[in-house]
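What you see is a predicted model; the values in this text were computed from it and never measured. FYI, side chains are in, hydrogens and waters are out, and symmetry mates aren't considered; it's all heavy atoms of this structure.
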Amino acid sequence: SRIVSSGRVAITTKTGKSRAMARNKLRGLYAVTPDCADGSRLLADVEGALTGGCRIVQYRDNTSTKPEQLRRAKALRDLTLHFSATLLINDDLALAALVGADGVHLGQDDGNLIAARAILGPDKILGASCYADLALAAAAHAAGADYVAFGAVYPSPTKPQAMRAGTELFARAKAELGATTCAIGGITLDNAPPLLAAGADLLAVITDLFGAPDIAARASQFQKLFERATP
């Protein structure tokens, strides 16, 4: 179940049409990188996820120095291009531009979405954290976000204090906004199916993917959930 088969979204003369193309191709396992002291191991782990069929990766790094982040992001760009996969950068438009990433994901306090869309142009992907707030999702969608992320949907080891987001948000975001939706927070292979049934297009996973004994096999198992689910 490939999310972006070419790693790029086609440029069109109409921004709305281009955004619709991006949203239509955003579906599947969304691998979000964990904090990792060993850059080589991080690359090997991401390669495992891509080998297992994951086709969208978010580089998220809260611990490395800026020069190290640049080195890792460049290496991840090369790796994702090799697999015809999409690379998004968490909370850093400048880094995304430097490495030629396919887009960015921004939190509520990480930059203005309208400005980000203007900087990215119509062919790049813009994702937005909307926590448990449909009003935030509506604003993000109107500002040009290609997908809106709700979470934590389950207790999260990465953000244990995060507000819980109900599964009804996915159905409402689709029905009321026509938005592509992403679920994040404590997602495992076992608890993922109800999220797909509720309407989540993307499952953003950190621990249950990168903490698995066989990352490629776990990525493949997640992708199979999407193959069995009805879009």
Query raised in the report: Is the closest side-chain heavy-atom distance between Asp146 and Thr180 below 4.5 Å?
Result: no
**Report entry** salt bridge (charged side-chain N to carboxylate O under 4.0 Å, His left out) involving Lys66 - partner list, sequence neighbours excluded
**Finding:** Asp92
Query - Side chain Thr51, main chain Glu47, donor-acceptor under 3.5 Å - result: yes
Query raised in the report: Could you give the distance from CG (Leu26) to CG (Leu202), rounded to the nearest 0.5 Å?
Result: 5.5 Å
Query raised in the report: Do Ile125 and Leu120 touch side chain to side chain, with heavy atoms closer than 4.5 Å?
Result: no
Requested in this report: Applying salt bridge (charged side-chain N to carboxylate O under 4.0 Å, His left out), name anything that partners Asp45, two or more places apart in sequence or on another chain.
Outcome: Arg41
Query - Heavy-atom side-chain contact between Val148 and Cys182 under 4.5 Å - result: no
**Report entry** Side-chain donor/acceptor of Thr80 to backbone N/O of Leu76, under 3.5 Å
**Finding:** yes
Report task. Nearest 0.5 Å please: distance from the CG atom of Leu134 over to the CG atom of Leu177. Result -> 5.5 Å
Query raised in the report: Just by modelled atom types, is the Leu88 backbone N or O under 3.5 Å from a matching donor or acceptor in the Gln58 side chain?
Result: no
**Report entry** Nearest-0.5 Å distance, CZ of residue Phe222 to CG of residue Leu196
**Finding:** 9.5 Å
Query raised in the report: What orientation do Tyr30 and His105 show, parallel under 30°, tilted 30 to 60°, or perpendicular over 60°?
Result: perpendicular
Query raised in the report: Are Thr86 and Arg55 side-chain neighbours, meaning at least one heavy-atom pair lies under 4.5 Å?
Result: no
Query raised in the report: Under 4.5 Å between side-chain heavy atoms, hopping through other hydrophobics if needed: is there a path connecting Tyr131 to Leu106?
Result: no
Query raised in the report: Does Asn90 reach the main-chain N or O of Tyr59 with its side chain, forming a donor-acceptor pair under 3.5 Å?
Result: no
Query - salt bridge (Lys or Arg N to Asp or Glu O under 4.0 Å): pairs with one or both residues in residues 193-207, sequence neighbours excluded - result: Lys174-Asp201
Report task. Enumerate the residue pairs fulfilling ring-ring contact (aromatic ring centres under 6.0 Å, His included) with a member in residues 165-202, sequence neighbours excluded, ordered by first and then second residue. Result -> Phe150-Phe170
Requested in this report: Report the residues that fulfil side-chain hydrogen bond (donor to acceptor under 3.5 Å, both in side chains) with Arg72, sequence neighbours left out, ordered by chain and then residue number.
Outcome: Ser64, Glu68
Query raised in the report: Would Leu126 and Leu113 satisfy side-chain contact (heavy atoms from CB on, under 4.5 Å), going step by step from the backbone distance to the final call?
Result: CA-CA 8 Å; Leu126 175 61; Leu113 291 172; 4.1 Å; yes
Query - Salt-bridge criterion met for Asp208 and Arg218 (N-O under 4.0 Å) - result: yes
**Report entry** Side-chain donor/acceptor of Arg117 to backbone N/O of Lys124, under 3.5 Å
**Finding:** yes
Query raised in the report: Should we count CZ of Arg60 as having more than 12 external heavy atoms under 6.0 Å?
Result: yes
Query - Taking every non-hydrogen atom, the tightest pair across Val99 and Ala73 - result: CG1-CB, 3.8 Å
Query raised in the report: Between Gly186 and Asn191, which heavy-atom pair has the shortest distance, and what is it?
Result: O-ND2, 3.1 Å
Query raised in the report: If Ile, Leu, Val, Met, Phe, Trp and Tyr residues are connected whenever their side-chain heavy atoms lie under 4.5 Å apart, and connections chain through other members, are Val205 and Leu50 in the same group?
Result: yes
Query - Considering all heavy atoms, the nearest Ala219-Ala49 contact - result: CB-O, 3.5 Å
Query - Nearest non-hydrogen partners of Asp91 and Gly107, listed with the distance - result: OD1-N, 3.3 Å
Report task. State yes or no: do Val153 and Leu136 share one hydrophobic cluster built from I, L, V, M, F, W and Y residues joined by side-chain heavy-atom distances below 4.5 Å, directly or via other members? Result -> no
Report task. For the pair Thr33 (side chain) and Val46 (backbone), establish whether a donor and an acceptor sit closer than 3.5 Å, ignoring hydrogens and angles. Result -> no
**Report entry** Gap separating the OG1 atom of Thr167 from the CZ atom of Arg172, nearest 0.5 angstrom
**Finding:** 12.0 Å
Query raised in the report: Can you check whether Cys130's main-chain N or O pairs, donor with acceptor, with Asp133's side chain at less than 3.5 Å?
Result: no
Query raised in the report: How many angstroms lie between atom CD1 of Ile184 and atom OG of Ser156, to the nearest 0.5 angstrom?
Result: 7.5 Å
Report summary line: dist Gln221:CD -> Leu209:CG (nearest 0.5 Å) comes out at 10.5 Å
Query raised in the report: Going by heavy atoms in the side chains, are Leu195 and Tyr154 under 4.5 Å from each other?
Result: yes
Query raised in the report: Is there a donor-acceptor pair under 3.5 Å between the side chain of Gln108 and the backbone N or O of Ser129?
Result: no
Query raised in the report: Do Leu87 and Ile89 touch side chain to side chain, with heavy atoms closer than 4.5 Å?
Result: yes
Query raised in the report: Listed by chain and number, what are the salt bridge (charged side-chain N to carboxylate O under 4.0 Å, His left out) partners of Glu168, not counting sequence neighbours?
Result: none
Query raised in the report: If you take all heavy atoms of Gln223 and Cys54, which pair is closest and at what distance?
Result: CG-N, 4.2 Å
Query - Residue pair Leu70 / Lys74, side-chain heavy-atom distance below 4.5 Å - result: yes
Requested in this report: Could you pull out the closest heavy-atom pair between Ala85 and Asp102, with the gap in Å?
Outcome: O-OD2, 3.9 Å
